[in-house]
Amino acid sequence: MASLGEVIRNSQIWKSIFRHPMPVDRRNRIVVMLTNFFLHLHPVSIKKQGIALSYTWCMGGVTFFLFLVETVTGVLLMFYYRPTLEWAYTDILALRDVTSLGILREIHRWGAHAMVIAVWLHMYRVFLTGSYKPPREFNWVIGVVLLLLTLLLSFTGYLLPWDQLAIWAITVGSNMARATPFLGSEGPGAALLNVGGIDMITMGSDARYGLLAARFVGEETLNRFYILHCIAIPLVVALLLAIHFWRVRKDGGISGPL
Amino acid sequence: MHGNEDQFLRGISGFLGSYFLCLAAMNAIAAFYCWKRLGKSNLSLLWLAFSGVFLIMAPFGYAGANGTPQLMKWIGVPETFRNFVDSQLANAVAYTLGTTITLIVLFVFRKFFVKPVIAWLMLNGALAFMGMSMIDPEFASIVGKPDNVPIVMMVFLLGFFTWLATYRAVQNDERKEQGLESLEAVDNEKILVWPDLVYTEMICMVALTAFLILWAIGLQAPLEEPGSLVKTPNPSKAPWYFLGLQEMLVYFDPWMAGVVLPSLVVAGLMAIPFLDFNKAGNGYYTINERKFAYLIFQFGFLELWVTLIILGTFLRGPNWNFFGPYEIWDVHKVEAQNNVDLSRMFWEGLLQRQMPMPSTEASTLSQLGTILVRESPGILLTIAYFVLTPPLLAMTLLKRFYVRMGLIRFMVMSNLLLFMVLLPIKMVLRWTITLKYIISIPEYFLNL
């Protein structure tokens, strides 16, 4: 009598979902990598030392996985949290004190810190193994942009709880933009952008204003950072991640001695 | 006073006891590993002894919960030591010199420090020191702040991975000297991704998820009072990963510390693959084959980025004053600020003349002229720094680089390096001759 597992694996439904038999022999272990959507990101075979943990540290993968964790917990939190002055703080307070699964916020926040650290460690390893050298120069550049976007994701998310920690961290951080050369109201050269005696760059039109959507961190800022945090930056990151992974494959696979 | 201290000690007691139990377990596992897997029984005994010491310390850690909190002080760092650190070493000069010298010593004697026995000793030392410092309320409050926990973690992770990378690099460098290929090239046949890689990935994902959930249960995310623009917290700090930039504000105005230098950090990182013409060291750990690139990167990352973040997070308190790790964050602490601009030093100190000041009645152009004259020493120095140094380097120290890189790439690299070195230069000038600005044109927000 066939076991239940075999019955399931031989059923039409199973076979319609998985385009390959169980990867139990060499042939099917190759087939599975080629015919499964989630696995086809990988090559079929790989250099043994390239995936040794003491060599690769796994930090790129950890970063990507943390990005997925942040996406899932973030979407769930979006169902609950309202980005308005009236509700932002109380929603977070409720997540902490009364809401079931409020722990999602903890996972999201600690995951974000962990992601920043993991990105740094990934970059550290790539540098120390010289893996940015030809032919991977451009993928390193994409990686630097992704590092920057990770920091911006974390920075924009920092504001959303709307507590003292949040608004003052963003105030301190965005005050720097006020001093942007030419484009900040207190930056060198801004006074030169003066048409007919009227300053073009003022507190209401400079780089900081563009970041905050207001003269001070306020409701407009909350909205702007919310959109940046939940939609704009993640979309760009997702696109760049796709290119980053694709280039890993196209530029000679994961790094290792040439 | 005693009552407050007792209360604090009682609060931290459970954590501290478990902490030392963990250290004991960690060393016991190491002892077991050395004995069973490596067959080194003398090493095994050493770690067993460590384990025993931590095992004895654990009950002292737990003592607070049993009503004898003063006993906990027996395993803490002595008060005289804490006072010494706070009074003698708690300033930016000592911190920077200390970290720099430490990093240099670690680098120069890396063959010694990467030995697993030494590395394990250092880890034990660092962990024990942290645990023993936790009986200090100020230390505990700043290290245990929820948002600072990831930074403590980062410090240990960076330490571990720096050790791992250096360990492998030292091994590879020794192998190359003997004419052998790198570790990464040995036994490097192709294997199937299923099962060898996908299983590793799955185990990583499961472990990471478990770790995140445990972390989330164990430590509540911080939530302070509702935000109010009227109540300014002191200190107001940026998110931790930007604290290196905030620390730069001590030495530079925001347009440099917050805009120009960070942009150049990003640009410089992007430029690395196009500036590094050295073909060696692609795909394996090595230091000797790419010493220049290695040292520049580590100087930028470990010295100018990470140590500044640690400084900004743990040691900068109210009014951005420097506080020792065991010092109370006193809002009224006053630090003398008597920094002088270069132009003032030049005109009033060197020439003993009055500094030319633009009169408000003069035309804009003549005001600008006066300012330029006033700041001419700084402006000339800055121009000389950026214009003269690259050719000088090309002719002397970095001649080899100039020949290999060509004019444009060499100029890009040397200018990036010059900007990078601006920060330590400004630090040293501030500490030695209390220099405030090299160029000071507050009229146009242009201070350097």
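So you know, we letter chains A, B, ... as the sequences are listed, proteins then strands, and number each from 1.
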At a heavy-atom separation under 4.5 Å, does [X] approach chain A through its side chain, its backbone, both, or neither?
X      : result
B/A271 : neither
B/P262 : neither
B/T162 : both
B/D276 : side chain
B/V259 : side chain
B/Y294 : both
B/L243 : neither
B/N278 : both
B/V266 : both
B/T232 : both
B/E289 : neither
B/K237 : backbone
B/V149 : neither
B/L219 : both

For the residue pair [X] and [Y], what are the closest heavy atoms and their distance?
X      : Y      : answer
B/V250 : B/R316 : CG2-NH2, 4.1 Å
A/S255 : A/T129 : OG-OG1, 4.3 Å
B/V260 : A/P181 : CG2-CG, 4.0 Å
B/E443 : B/P358 : OE2-CG, 4.0 Å
B/T286 : B/G281 : CG2-CA, 3.7 Å

Show the numbers, then the answer: is there a side-chain hydrogen bond (donor to acceptor under 3.5 Å, both in side chains) between A/E186 and B/W255? CA-CA 9 Å; A/E186 290 177 15; B/W255 72 278; over 6 Å; no
Sort [X] into side chain, backbone, both or neither according to what part of it lies under 4.5 angstrom from a heavy atom of chain B.
X      : value
A/I51  : side chain
A/V62  : both
A/H42  : side chain
A/L148 : side chain
A/L121 : side chain
A/L39  : side chain
A/I30  : side chain
A/S154 : both

Would you find more than 12 non-hydrogen atoms of other residues, nucleotides or ligands less than 6.0 Å from B/F292 atom CZ?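 Correct, the count exceeds 12.
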Would A/R125 and A/Y55 count as a cation-pi pair here, with the cationic atom under 6.0 angstrom from the ring centre and within 45° of the axis?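 Cation-pi check for A/R125 and A/Y55: passes.
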Do A/K133's NZ or CZ and the ring of B/F277 fall within the cation-pi criteria of under 6.0 Å and 45°?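 No.
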Please identify, among [options], the residue contributing the most non-hydrogen atom pairs under 4.5 Å to chain B.
options                        : value
A/G189, A/G187, A/A177, A/G173 : A/G187
A/Y89, A/W110, A/F65           : A/W110
A/V44, A/N28, A/I170           : A/V44
A/V69, A/D163, A/I142, A/T180  : A/D163
A/F155, A/F127, A/F216         : A/F127
A/E137, A/M176, A/Q164         : A/Q164

Among [options], residue most engaged with chain A (heavy-atom pairs, under 4.5 Å):
options                        : value
B/D187, B/D196, B/T200         : B/D187
B/S236, B/S182, B/A169         : B/S236
B/Q246, B/Q220, B/M154         : B/Q220
B/L223, B/L269, B/L446         : B/L223
B/Y167, B/F211, B/Y241         : B/Y241
B/R168, B/E189, B/E201, B/M256 : B/R168

Walk me through whether B/N447 and B/D253 qualify under side-chain hydrogen bond (donor to acceptor under 3.5 Å, both in side chains). CA-CA 7 Å; B/N447 301 315; B/D253 269 17; 2.9 Å; yes
Determine the interplanar angle of the B/Y285 and A/W57 rings, folded into 0 to 90°, and report it as parallel if under 30°, tilted if 30 to 60°, perpendicular if over 60°.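 Plane angle under 30°, so parallel.
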Is the ring pair B/F160/B/W163 parallel, tilted or perpendicular, if the boundaries are 30 and 60 degrees?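 Because their plane-to-plane angle lies in the 30° to 60° range, the rings of B/F160 and B/W163 count as tilted.
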pair B/F107-B/I287: side-chain heavy atoms closer than 4.5 Å: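 Touching, per the 4.5 Å side-chain cut-off.
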B/F301 and B/W305: aromatic ring centres closer than 6.0 Å?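 No.
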A/W120 ring center near B/W240 ring center (under 6.0 Å):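 Between A/W120 and B/W240, the centre distance is under 6.0 Å.
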Is the shortest side-chain N to carboxylate O distance from B/D147 to A/R109 below 4.0 Å?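 Yes, this pair counts.
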Apply side-chain hydrogen bond (donor to acceptor under 3.5 Å, both in side chains) to B/N282 and A/Y132, showing your working. CA-CA 8 Å; B/N282 187 344; A/Y132 58 82; over 6 Å; no
Is the backbone N or O of B/Y284 less than 3.5 Å from a side-chain atom of B/E184, with the two atoms forming a donor-acceptor pair by type?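 It does not hold such a pair.
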Take A/S185 and A/R208 through the test side-chain hydrogen bond (donor to acceptor under 3.5 Å, both in side chains) and record every step on the way to the result. CA-CA 8 Å; A/S185 57; A/R208 180 168 179 270; over 6 Å; no
